[in-house]
There are 2 protein chains.
Amino acid sequence: MVKKAPGRPRQGESLTRERIIEASIELLDSSGEVGLTFRALSERLSTGPGAIYWHIANKSDLLSAACDAVVARAMDETVVTTPKETIRAVALGLFDAINEHPWVGSAITSSVGLSPIVRILEPVGEQIRALRVPEEQQWAAVGTLIAYILGVSKQNADNGQLARTRGFDRSDFLEAMSTAWSKLDPKQYPFAHSVAGQFREHDDRVDFISGIDLILKGIDSPRHRSGPQHKHAATLQR
Amino acid sequence: MVKKAPGRPRQGESLTRERIIEASIELLDSSGEVGLTFRALSERLSTGPGAIYWHIANKSDLLSAACDAVVARAMDETVVTTPKETIRAVALGLFDAINEHPWVGSAITSSVGLSPIVRILEPVGEQIRALRVPEEQQWAAVGTLIAYILGVSKQNADNGQLARTRGFDRSDFLEAMSTAWSKLDPKQYPFAHSVAGQFREHDDRVDFISGIDLILKGIDSPRHRSGPQHKHAATLQR
DNA sequence: ACCTGAACACCGTTCAAGT
DNA sequence: ACCTGAACACCGTTCAAGT
């Protein structure tokens, strides 16, 4: 009798790493980080909690894998055009992906493999090269961009999460925050008081892209290109 | 008999909100977010887990309060000089505080009260006014700065955490990451491969301040001051 | 008013036992 | 090789009972 190759029993019915990750993403999207439990997951996959451990090392491995899958998808979808437009597209793609899957924000840093970071590094770096940024300044440029993109996207997603937790949508949240600020004592909090109106009207996504443009402008500017300037040595010392 | 005013029994021996928060900060610093449990906390305070609930609503309240205390301290310590130097000082103060207390990074956004955000908003906003940024652009400037400061500081602290978790220090971490990148296939990951060397040498704190300077430069620049430009309408649509 | 600590309803993870 | 599900050592939170 010929022994069948192991694995692959009955076409996709079986428990695979991919199926587990897919189910985890659904669970994370619908009920957040607290919603991802091995019990809920195994119920959704009609199996026992122990079965999952055959395919996945532990919860943090699971979270990393789910995060990597989302980032990979977002990067695959970005359209490559001119260097600056492409960087904007990568940035917005991540911003939207993290906004849609807020749990990705916290998972992305602790992702064990280097995969999610490299997935972002590569397309951004390629465009920075295309912009003819001198070799020795390439990391500074890419590092600032990635830190900004991930940092601000996370911030934004957290705010959305916070709003949803309290049961209202983003504009209600802005409204509430803004009126809270305008009610602060103008003597003690003059700025918060005066900026409340602008805060109510602002759009995080537009602000995000303005920041990207600001950084891109800085990368282009001749003064920046002339190399590091060590201007603020005093400020920098701990 | 004169009834004593309630509270204050035996000089600071009693369980107070402050003592609980102080102990929480110590616990968070020494063993991270997972280290803060009501059991560990009550043991440290030689009381029962239930006692804490008399002073604190729940765990998220506790985390917010601890976070607010750290932010307040950092802001109190910043020295006010010229507008731009002051903004740099605020930024670095937060960067260092979050680096030293990495759990603050994740707690700061979900902080229920508006207190931690307003604590940062106010000094930054004051300096933006001092820089004579037109009223209608003040939020954009302050919003970008705060998003950058918190976002990048969190990123940085997460990286430090990650390194510590794996049992080595920051420079070992850079070393390991850098050699991992340089071992990647240059055909598939040309940029990661080529930038590995610069990554090894970079200093997050210096990069952080460069980013702040970049943004401050952008805020100053006349083109930015001339108002929003809606250049990338196509990119922005979802 | 404040504190105690057992009890409840959960977790992630392990592991002998099955197929 | 892969899956089962009970068991273990934890959690946050509650609440009757004490002082």
Applying side chain to side chain contact (heavy atoms under 4.5 Å, CB included) to A:W103 and A:L36, what does each step give before you reach the verdict?
CA-CA 10 Å; A:W103 49 273; A:L36 181 66; over 6 Å; no
Taking it one step at a time, do B:K154 and A:Q155 satisfy side chain to side chain contact (heavy atoms under 4.5 Å, CB included)?
CA-CA 10 Å; B:K154 277 159 87 163; A:Q155 272 308 96; 3.0 Å; yes
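Taking only side-chain nitrogens and oxygens, A:H55 comes nearer than 4.0 Å to OP1 or OP2 of D:dC3. Taking only side-chain nitrogens and oxygens, A:W54 never comes nearer than 4.0 Å to OP1 or OP2 of D:dC3.
As a whole-Å value, the separation of A:E43 CD from C:dC11 P is 11 Å. Here D:dC10 presents its P atom at 18 Å from CG of A:N58, a figure rounded to the nearest Å. Following rounding to the nearest Å, A:I20 (CD1) and D:dC3 (P) show an atom-to-atom distance of 8 Å. Separating the OH atom of A:Y53 from the C1' atom of D:dA6 is a distance of 15 Å, rounded to the nearest angstrom. Atom NZ of B:K59 is separated from atom P of D:dT13 by 8 Å (rounded to the nearest Å). Protein atom CG of A:D61 is 14 Å distant from nucleotide atom C1' of C:dT13, rounded to whole Å. Whole-Å rounding puts the B:E33 CD to D:dG12 C1' distance at 15 Å.
Within 4.0 Å of A:L62, counting heavy atoms only, lies no atom of the nucleic acid at all. Among the atoms of the strands shown, none is found under 4.0 Å from any heavy atom of B:L41.
Checking C:dA17 for Watson-Crick or G-U wobble geometry (two distances, each under 3.5 Å) identifies no partner in any strand. Base pairing annotation: C:dA9 forms no Watson-Crick or G-U wobble pair, as no partner gives both donor-acceptor distances under 3.5 Å. Pairing of C:dC3, defined by two Watson-Crick or G-U wobble distances under 3.5 Å, is not identified with any nucleotide.
Relative to the side chain of B:R39, the nucleotides C:dC3, C:dT14, C:dC8 differ in distance, and C:dC8 lies closest. Of the candidates C:dC3, D:dG5, D:dT13, the closest approach to any side-chain atom of B:F38 belongs to D:dT13. Closest to the side chain of B:L15, from the set D:dT13, C:dC3, C:dT13, is C:dC3.
Looking at A:V70, A:V71, A:L28, A:D96 one by one, the single match for side-chain contact (heavy atoms from CB on, under 4.5 Å) with A:H101 turns out to be A:V70.
Taking the six-membered ring for Trp and thresholds of 30 and 60 degrees, B:F38 and B:Y53 have nearly parallel ring planes, at less than 30 degrees apart. Relative ring orientation between A:F208 and A:Y148 is described as parallel, the plane-to-plane angle staying below 30° on a 0-90° scale split at 30° and 60°.
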